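What follows is a set of notes on a single structure, which appears directly below.
Just so we're clear, the structure is a prediction, and the values are computed from it rather than from any experiment. Numbers here are sequence positions counted from 1. Order of appearance sets the numbers: ligands from 1, and atoms from 1 within every ligand.
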Amino acid sequence: MANKAVHLPVLNLGATLRKDKWWVGPATTFVILTGFIVYATFRAFENDYYQVGPYLSPFYSPLIPTSGWGIPLLSPAMLILPGPAGFRLTCYYYRKAYYRAFAMDPPACAVGERNRHRYNGETKLFIFQNLHRFALYVALLFLVILWHDVYKALWFRVPGSDETTFGIGVGTLVLALNTTLLSGYTFSCHSLRHLVGGSVDSYSTAAFGQLRHTLWRGVSRLNQNHMLFAWTSLFAVAGADVYVRLVAMGVIQDVRIL
Ligand code: FES
């Protein structure tokens, strides 16, 4: 029997029979992501208040001094932010979020979209999305650096000496919370799930099958909350930077807990 072409109805942008507030999700995404991009850009150009005591802002970690390079406006943050930004930009979850919120292509399920007849998927302009696996490798490297920052945030300088002493401040907890949520976001990545458990016909006969199966189950469990990690880690990284900035500016004081 010959295949019959199926013609889906073409809806105008925003046209829908849905009665719920479908636009709340994309609108919220638009506001939050725009706010984050504006703030991160401001901080990258500010090039100040990113380090105080044992604390280093995640926006400036790893800290690569650029002051002697002679390039106007270049800050350490500009060198490293493309790493985490590329990871989020190509993230499977964020693609859905910003395709809906920014491109409105589509704005939501069962809602009319733009450019239906010119849809190229991620084969042309958006072909870079296929690089997510490589962005993951970079993100894993950043995690090692950020956990090292948390370790350094446990060592406070003894006044009047070059010695350091172990301690915990509110800033330590802020940085630890941020890195924990970033770890949750990274270890729940769809690409990582495929990396550890994909391309296997049978775990019982594959090389390192038992180990891979255990890892795959762990990543799968985290993966169920990938969206939650995506948002909480976004707020946490901005919050950690705001905290370090305010302490460095003297607006608030860090409190030593231990
Ligand atoms: Fe979201 Fe990999 S799919 S970080």
Please tabulate, one pair per line, all N/O donor-acceptor pairs under 3.5 Å involving side-chain atoms of residues 145-161, not counting sequence neighbours.
from: W147; atom 1: NE1; to: S183; atom 2: OG; distance (Å): 3.0
from: D149; atom 1: OD2; to: S61; atom 2: OG; distance (Å): 2.4
from: S161; atom 1: OG; to: E163; atom 2: N; distance (Å): 2.7

Considering all heavy atoms, the nearest V219-C189 contact: CG1-O, 3.9 Å
Y99-E122 side chain donor-acceptor pair, cut-off 3.5 Å: yes
Residue-atom pairs from the protein, N, O or S only, that lie under 2.8 Å from atom 2 (Fe) of ligand 1: H132 NE2, C189 SG
Sidechain-backbone polar pair: D254 side chain, G171 backbone, donor-acceptor under 3.5 Å: yes
Centroid separation Y185 to F229 less than 6.0 Å: no
Which atom of Y94 lies closest to which atom of L33, heavy atoms considered: CE2-CD2, 4.1 Å
